[in-house]
Amino acid sequence: MKNRLGALAAAAAAIVLLAGCSAGSPTSTAPAGTGAASTAPEGLVNEGQLSACIDPEYAPLEYYANGSDGDIIGFDADGINALAEHWGVATNFVVTSFDGLMPGLQSGTCDMIFGGLYMSEERLAVADAAPVMNAGPAILTTPDNADSISEQADLCGLTVAAQAASSNEASLQALNEGECADDQMTIQSYPKTAETVLAVINGLADALIETNVAAAYMETQNEGSLAVAGDVFPTDTTFGVFTVKDGPISEAVAEGLRALYDEGVLAEIAEEYNLDATIVDVY
């Protein structure tokens, strides 16, 4: 199986470059390559294009092939391309920061977000979403500390890094309000996932929280420096593909994803990035 995964270290080294990307700046637009007439729904931001807001620093879901710029690859990125091809339109990646994804969708900068976002109650209150993958939070720490963290209470009193404005950060905040109320964690928020990795490696944080999908990849790319702790959180959340609330393409996106799932396209993409295809789910 061809493995195109890049090193997370390269992504971390490119933090300054990535931070310089302005929210909503589009990448080059590539043709869908089908040659067939478009079957895309009406209501796309740009006719003949599927525009997707994306933060390409979240391997193996979306990241730059060379670590800093150029082609955007990963499960989500390839899924966007597959849906565009299914509709017979071009792909337009609109690069933004993680916390700019939902504002980009709401402002009409892009048609959808296919970018590692949980289907949380807060997001579903302001946007539609079609399920695409099962996931849950995971804890990464140093190999020496991995055995000492096996349940949520073990995080109390620790310094834990998280990506700012993420559902994972919200999980830590909820834990501080509940089980860790008497011995709260110090939560360090960072704009980029790569920065949370550096925080643990450099001793600035005891652990970091990330989705199980990305955590396994981080461990393999930082062997000897990071290790996934025990099953601290349940796998009870779902990644979704978000569109404007009650928008014109929401139903078509869900139908397109189901078609790609039924055809085995999404499973094939998952396997391309060494993901367990069984976590792909478009119920």
Side-chain angles (χ1 to χ4, degrees), residues 6 11 14-33 38 40-119 123 126-130 132-133 163-167 191-194 214 239-250 252-254 256-257 260 269:
I15 288 171
V16 175
L17 292 176
L18 290 174
C21 294
S22 61
S25 60
T27 65
S28 58
T29 301
S38 173
E42 294 185 2
L44 295 176
V45 170
N46 298 302
E47 186 177 356
Q49 290 184 351
L50 175 58
S51 298
C53 286
I54 195 167
D55 176 21
E57 68 90 37
Y58 194 43
L61 299 185
E62 50 266 335
Y63 62 105
Y64 286 113
N66 71 357
S68 60
D69 57 21
D71 292 338
I72 300 174
I73 61 175
F75 175 83
D76 292 346
D78 286 10
I80 294 165
N81 285 327
L83 182 58
E85 184 174 354
H86 178 73
W87 284 344
V89 297
T91 300
N92 180 31
F93 290 124
V94 182
V95 177
T96 182
S97 61
F98 181 82
D99 58 5
L101 292 173
M102 193 60 72
L105 177 66
Q106 302 293 350
S107 66
T109 302
C110 57
D111 297 301
M112 69 178 192
I113 306 167
F114 193 155
L117 290 185
Y118 286 155
M119 290 173 59
R123 289 174 180 147
V126 298
D128 292 333
V132 70
M133 181 181 289
Q163 186 174 36
S166 67
S167 293
K192 298 292 184 180
T193 302
F239 283 139
V241 177
F242 288 80
T243 50
V244 172
K245 189 74 172 178
D246 300 321
I249 72 166
S250 295
V253 167
L257 291 173
L260 294 175
I269 294 172

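In this text, all values refer to a predicted model and were calculated from it rather than measured experimentally.
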Exercise for review: Evaluate side-chain contact (heavy atoms from CB on, under 4.5 Å) for Ile72 paired with Val95, printing each intermediate quantity in order.
Suggested key: CA-CA 10 Å; Ile72 300 174; Val95 177; 3.9 Å; yes
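- Contact detail for Ala127 and Leu105: the closest heavy-atom pair is CB-CD2, 4.3 Å.
- Asp55 contributes no side-chain N or O that, together with a main-chain N or O of Gly115, makes up a donor-acceptor pair within less than 3.5 Å.
- A donor-acceptor pair under 3.5 Å links the side-chain atoms of Gln163 to the main chain of Pro191, judged by distance alone.
- The main-chain N or O of Thr193 is found under 3.5 Å from a side-chain atom of Glu57 such that the two form a donor-acceptor pair.
- At least one donor-acceptor pair closer than 3.5 Å links the side chain of Asp111 to the backbone N or O of Ser51.
- Rounded to the nearest 0.5 angstrom, Ile249 CD1 and Asp128 CG are separated by 10.0 Å.
- The heavy-atom pair separating Phe242 from Met119 by the smallest distance is CZ-CA, 3.9 Å.
- For the residue pair Thr96 and Cys53, the shortest heavy atom distance occurs at CG2-CB, 4.3 Å.
- The distance between the ring centers of Tyr58 and Tyr63 does not fall below 6.0 angstrom.
- You'll find the side chain of Gln49 stays beyond 4.5 Å of the side chain of Val89, heavy atoms only.
- Taking CG from Asp76 and CE from Met133, the interatomic distance works out to 6.5 Å, rounded to the nearest 0.5 Å.
- Shown here for Val126 and Lys245, the closest heavy-atom pair between the two residues is O-CB, 3.5 Å.
- Between Leu83 and Met112 the shortest side-chain heavy-atom distance falls below 4.5 Å.
- In this structure, Leu257 and Phe114 approach most closely via the heavy-atom pair CD2-CE1, 4.0 Å.
- Side chain of Asp78 to backbone of Asn81: no donor-acceptor contact under 3.5 angstrom is found.
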